[in-house]
Asker: 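There's a structure below that I have some questions on.
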Amino acid sequence: MKRTVWIVPTLLLAVMAGCSKESPSGGTAPRVVDGSASGQTPPVFSLAWSEYPSWSVFGVAHEMGLLDGAEGKLGEIENKWGVDVVLAEASYDSCLNMFTSKNCDAVCMTNMDALIVSQNRDGVAVLPTSTSNGADACIVVGINTVEELKPHKVFGLKGTVSEYCFVRCLEEIEKEEKKGLKAADFQFTNQDPGAAAVAMAQKQDTHQAIMVWNPFVLQTLKDRPDAKVLFDSSRIPGEIVDMVVVGRDVLDRAGSDKFVSAVMDTFYRMNEELAKPDTGDKTLVALGEKFSKLGLEEMKKVVQQTQFYKTADEAIALLEGEAFKATMQTVQRFCVDQGLVSNPQYAIGTDAAAKLRFDPSFIQAWKEKR
Amino acid sequence: MIIRQPISRAWRIGLGLAAIIFLLAAYTLLSRSRQEAVRAEQRDVAQQKIADLAEDRVRLQNEIQRATTREEGVREKMLMRLERELKELETQETRWRQLAGAPDAEDLTVPAWSQLYRQGLVRACTPQGSFQRKEVWIVHDFWNTAKRLVSALLIAVAVSLVLGLLMGCVDYVDAFFLPPFALLSKVPATAVLPIFFVLVQINFKMYIAIIVFSLLPTLAQSISQSVRKDIAEELIFKAYTLGASQFEVIWEVIYKQILPRIIDAARLQIGPALLLLVAAEWMVAGEGIGYRLRLFYQRTDMTVVFVYVIILGLIGLIVDYLLIWFRRWLCPWFGD
């Protein structure tokens, strides 16, 4: 008995010693990069992503070994650029919080959230990944016209692209039909899109209308055959742009250019994989499994509704185009009207002083270097 | 029958089994009715579609009739298009007829046992992924969560053991730590999560910090309480009289007396710690039990969720019994 009571303190001490030894190096020892100068450990950068068609490609890239999401381990593309990309998967909200609290170096978000978030941390949008062309939709049950929607609560995440799409679609419908529709007459109610979709799939009678993004759009339509799309973002293509935004402070760190290039390499490489005639379908299904229960046919629809900017040229064309300038003005107006931002400052181009800039020069640089 | 009258062993076992059977039967009935409901709905939809298609067919046939009267050149083209449409309609019709006869819709909110097995257990226990990096969810998730939970619990117990003993033995320490601990132990731990997400880098250490900081006040307080209440004053005075040093009193008398209570206190904190951990993982983790539950909740696919829930319950039971057994083995003087 005398000896056995020692077990508890010894065990505890051993664990504490183990933890304190482990923590400074952050767990496993980093592997030496092939070909980099004299076995230095590569710089570490983190990218936060959430479950969404054009962002889950990073998760699939991890599965394929192109990237290794864990710290201290390198995939094919990381080895090529000599940089350690750490992938952090979390829900969309959490990703934004991680970015503003400097818990990650880059984040996947939409152009509108980039504008809002830039109030708290300066950012540089380096890579547009896709645009919503039907991927955000207002799904209704037993409602046939926009006017019938007025007495019903519309559930969606407030202050995000869901609300933006809702308001903008109403404006577009009003332009066509001139029925005196005003966004203020509708009851947009705050709820997580996942929760709203589940509630509608469960036939809760409070949920006659929801405003959600994919995969929830297709999933809800699959779960409830009697539900239909009242309107969707195909009315405003190119206005909701999904992108990768890097913290402006991050760009001052050594190796950040390699990090940005590695992210681009991964994204365009995945687009090539998706386009391959023999294995493209398999990759598409794997992509679907990352964020939904959708099969091949539905995933084909998903990538139509979420149009990927498949090549560097498409991305540059977007960022340098006139349409995007107009879009950002609309987005800015919306954000100010809704009280989401007080003093938005953004630039399209290389203006280094802007709190948020949409900068095509990084893609250009990647095109030349790769 | 009087209050607290003992019952026979047979009754005890029988009633226990009856409760389990009742639970299983209720689940089976519920899932059956849900499955039937979605199939009935699919059948209705299919019948509606068949009716719609029948109308379309009549319309198409009329058009074909009309097309045959058109002039040559136009007629062939129109007929070809209409025939193609008719064929398309027929394939659709056979599909809907099949569905109306044998609907294949599945309700995954309360999955049937076969779905729980095939889409839940098998999927969770076999390597998943279409490329070179495959993982077995159950191993990957439970390993990650267990790593976080066990390390955090051990650290929390170690720190609160030292603090609790000091608080119980030295009034100065008690007076210093008690006010903040009294307040902090009343704060619901999940309410503090956002602060940690923002302040601490999201990694292994963050989960440890969350659990340690939320368990520490409660654990330290309960240990110091037990030092003060569970040890008779005579014992301490007797030890002093026999010439024990300060350290010997703490180690030989106090620590040994409260050791079983520490183990019990730690055992009771596993539940809250796991609750907190799953909540944190739900929000920010890319691996672990909470992460997997979130992914499947968003898909309204409860197959894997139910499997995880059942396994969690079983593991909880086993760990509980193991710790009780451990306490009895380590501290036989304490009794049951």
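All chains are named by letter (A, B, ...) in the order of the sequence lines, taking the proteins before the strands, and each is independently numbered beginning at 1.
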Asker: Under a 4.5 Å heavy-atom cut-off, does chain B meet the side chain of S50(A), its backbone, both or neither?
Answerer: neither
Asker: In terms of heavy-atom pairs under 4.5 Å, which option from D226(A), V86(A), T283(A), D192(A) contacts chain B the most?
Answerer: T283(A)
Asker: With a 4.5 angstrom heavy-atom cut-off, is it the side chain or the backbone of S91(A) that approaches chain B, or both, or neither?
Answerer: both
Asker: What part of D223(A) lies closer than 4.5 angstrom to a heavy atom of chain B: side chain, backbone, both or neither?
Answerer: side chain
Asker: With Q191(A), which residues qualify under side-chain hydrogen bond (donor to acceptor under 3.5 Å, both in side chains), at least two apart?
Answerer: H207(A)
Asker: Salt-bridge test for E41(B) and K203(A): reply yes if a basic N is under 4.0 Å from a carboxylate O, no otherwise.
Answerer: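 Yes, this pair counts.
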Asker: Can you tell me how far apart OG (S101(A)) and CZ (F197(B)) are? Round to the nearest 0.5 Å.
Answerer: 10.5 Å
Asker: Report the residues that fulfil side-chain hydrogen bond (donor to acceptor under 3.5 Å, both in side chains) with R39(B), sequence neighbours left out, ordered by chain and then residue number.
Answerer: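 side-chain hydrogen bond (donor to acceptor under 3.5 Å, both in side chains) check on R39(B) returns nothing, list empty.
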Asker: Please look at F216(A) and chain B and tell me whether the side chain, the backbone, both or neither of the residue comes under 4.5 angstrom of a heavy atom of that chain.
Answerer: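 Looking at F216(A), just its side chain touches chain B.
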Asker: Of all heavy-atom pairs between Y291(B) and E89(A), which one has the smallest distance, and what is that distance?
Answerer: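 Heavy atoms only, the tightest pair is OH-OE1, 2.7 Å.
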Asker: Relative to chain B, which segment of A286(A) carries a heavy atom at a distance below 4.5 Å: side chain, backbone, both, or neither?
Answerer: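 Both parts, backbone and side chain.
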Asker: Considering only heavy atoms, which portion of Q219(A) lies under 4.5 Å from any heavy atom of chain B: side chain, backbone, both, or neither?
Answerer: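 Side chain only.
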Asker: Checking heavy atoms, do the side chain of M64(A), its backbone, both or neither come under 4.5 Å from chain B?
Answerer: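 Both parts, backbone and side chain.
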